[in-house]
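Notes follow once the structure below has been shown.
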Amino acid sequence: MIHKKYIALINKEIDGIISTAEKNNLDEHLLKNPDAKNYYNEIILTNNYLSFLPDQEPSENLKKKIINSINFNKYSPKIKNKNLWNLLAASKFKLASTFAAGVIAGIIVFALFFDNNNVNLKNVSGTVIASDTGVKTIREIPIKFPIGNIELKQLGNNIRLNVSSNTDQNFKMMIKYPGNIEFNNIKPGFDGNIEISKSKSFLQVSSSRVRQYSLLFIKSNSDYSEMQIKIITSDETVYEHNVTIR
Amino acid sequence: MDRDDKILVKECLAGNNSSFEAIVEKYYKIIYRFSLKILHDSDDAEEITQIVFIKAYENLSSYNSKYKFFSWLYRIAVNESLNLSKKRSYTEKINEGLSSIDENPDEIYDHLELGEKIQDALMELDILYRLPVVLKHFMDYSYKELSYLLGVPEKTVKSRLFTGRQLLKDILIKNKVFQIDT
């Protein structure tokens, strides 16, 4: 039977933390106690034998397996400022936005070229669309005046003026435009409440009790052009302004 | 925790995933080798290594930098090894009941290399003793560090380590791995 004290000292020696005094004490005890000496030799040998444990390498794909098994979203930075640029920076979003813009553009073009009164372009807006020739911008120019507003939308060479008034009085709108712009159509169409007079570079629309209509123009080239818009009601000019069309 | 690990952890918490990949690259072999010594099964060791890094990533924000990062990884490895060992010992007990093979120990050990004999002896040791013996011998952790890794007081660490060595000695003698003439 070996005293606990010497078992502790033997382990301290193995762990390299035995003091000189303790080592001398242990050595002295081992000299006098063959059983203790035998125990000491066996424990030291056991500890040395641990060094024979083989070191094996893991399989080649372990690192890959570890990386693949981790869901790396936890500390990924969140998009705090969801402005347009940040969103556009994501390539997936670019693809989705291109598709969405294409759909919007399709709706607008459909509405512009087909006489379908059910399509209300006033509620359609957009930013960029993809086309075969690149990217085109839909410009939106809001024009406000005391008795209503005009929403000017430009999609490429198509120009649309959505006109709203909040008066039942006679509402006269006069537009002057250069030779590269041509009046194309009016929606919801001609009826007894709307009168149109036009020349090559001038359009006058007089309306009564019609509060909303849209005017469609087509621009023949990409030159900068200027449209002069004038609104008269009860023989009084309430709005007059020039709008640059790109 | 060395400076490199500290930076890698910080970068990872800031969302830099490649920093965690660098941590994996740095430590996965060491964790694997430790797990293999404790579990003596390459599939189990790979499983433990995977779990260690998954848990390390998931709990990285709760890591206390007053401890060495490597020790923190080891602590996870120790806990997971204990968990798996509990599952395995349950299965082994069932298998033992089914086994009828009665082999002569001399014949078994004749064809084994010394390293394998030591590993087998180590596996006969209860995992509670196996862990401090392996950690102390191969990593040379202090009793205080072992206390953190094993989640027990230093007194318990010493008791398990000393008892583990003694039990391992007895197993090696029983298995005739060595015999000392007196």
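Model, not experiment: these values are computed from the prediction. In what follows, every chain begins at residue 1, and chains take the letters A, B, ... in the order their sequences are listed.
- Between chain A and the residues Ile118(B), Thr49(B), Ile54(B), Ile51(B), the largest count of heavy-atom pairs under 4.5 Å involves Ile118(B).
- With values rounded to the nearest 0.5 angstrom, Gln50(B) atom CD is found 6.5 Å from Leu62(A) atom CG.
- For Ile10(A), no part lies under 4.5 angstrom from a heavy atom of chain B.
- Residues Tyr75(A) and Glu58(B) share a closest heavy-atom pair of OH-O, 3.5 Å.
- With contacts defined as side-chain heavy-atom distances shorter than 4.5 Å, the pair Gln119(B)/Phe52(A) does not qualify.
- When all heavy atoms of Gly115(B) and Leu53(A) are compared, the pair lying nearest together is O-CD2, 3.8 Å.
- The stretch residues 38-45 of chain B places none of its residues near chain A, where near means some heavy atom under 4.5 Å from a heavy atom of that chain.
- Of all non-hydrogen atoms in Pro58(A) and Tyr28(B), the two that sit nearest each other are CG-CE1, 3.9 Å.
- Looking at Ser142(B), there are no atoms closer than 4.5 Å to chain A (heavy atoms on both sides), in backbone or side chain.
- Aromatic pair Phe72(A)/Tyr57(B): ring centres closer than 6.0 Å.
- When heavy atoms are compared at a cutoff of 4.5 Å, Leu172(B) approaches chain A solely by way of its side chain, counted from C-beta outward.
- For the residue pair Tyr32(B) / Gln56(A), no side-chain donor-acceptor distance below 3.5 Å is found, with atom types taken as modelled.
- Look at Glu57(A) and Arg33(B) and you find a salt bridge, because one of the NZ, NE, NH1 or NH2 atoms lies within 4.0 Å of a carboxylate O, short of that distance.
- Between the CD atom in Glu47(B) and the NZ atom in Lys65(A) there is a gap of 9.5 Å [rounded to 0.5 Å].
- A salt bridge is defined here as a Lys NZ or Arg NE, NH1 or NH2 lying under 4.0 Å from an Asp or Glu carboxylate O, and Arg165(B) with Asp15(A) meets this definition.
- At least one side-chain heavy atom of Lys37(B) sits under 4.5 Å from a side-chain heavy atom of Asp55(A).
- The two residues Val177(B) and Tyr49(A) make their nearest non-hydrogen contact at CG1-CE2, 3.7 Å.
- For a residue to count as touching a neighbouring chain, one of its non-hydrogen atoms must lie under 4.5 Å from one of that chain's; by this rule Ile67(A) touches chain B with the side chain only.
- Here OH of Tyr143(B) is found 6.0 Å from CG of Asn11(A). Values are rounded to the nearest 0.5 Å.
- Taking each heavy atom of Lys63(A) and Glu21(B) in turn, the nearest pair found is CE-O, 4.3 Å.
- More than 12 heavy-atom neighbours from other residues, nucleotides or ligands sit within 6.0 angstrom of NZ on Lys23(A).
- Among all heavy-atom pairs drawn from Leu50(A) and Phe138(B), the shortest one is O-CZ, 3.2 Å.
- With chain B as the partner, the residue from Ile17(A), Asp35(A), Asn47(A), Ile7(A) showing the most heavy-atom pairs under 4.5 Å is Asn47(A).
- Remark: side-chain polar atoms of Lys169(B) are not paired, donor with acceptor, to backbone N or O of Ile43(A) under 3.5 angstrom.
- Of the residues considered (Lys136(B), Glu46(B), Lys158(B)), Glu46(B) shows the highest number of contacts with chain A, using heavy-atom pairs under 4.5 Å.
- Atoms OG1 and CD1, on Thr46(A) and Ile173(B) in that order, are 6.5 Å from each other to the nearest 0.5 Å.
- To the nearest 0.5 angstrom, Lys4(A) atom NZ is 12.0 Å from Phe162(B) atom CZ.
- Annotation: the span from Asn73(A) atom CG to Asn17(B) atom CG amounts to 8.0 Å, rounded to 0.5 Å.
- Of the listed residues (Asp140(B), Leu60(B), Asn16(B)), the one with the most heavy-atom contacts under 4.5 Å to chain A is Leu60(B).
- Within 6.0 Å of OH on Tyr129(B) lie no more than 12 heavy atoms contributed by other residues, nucleotides or ligands.
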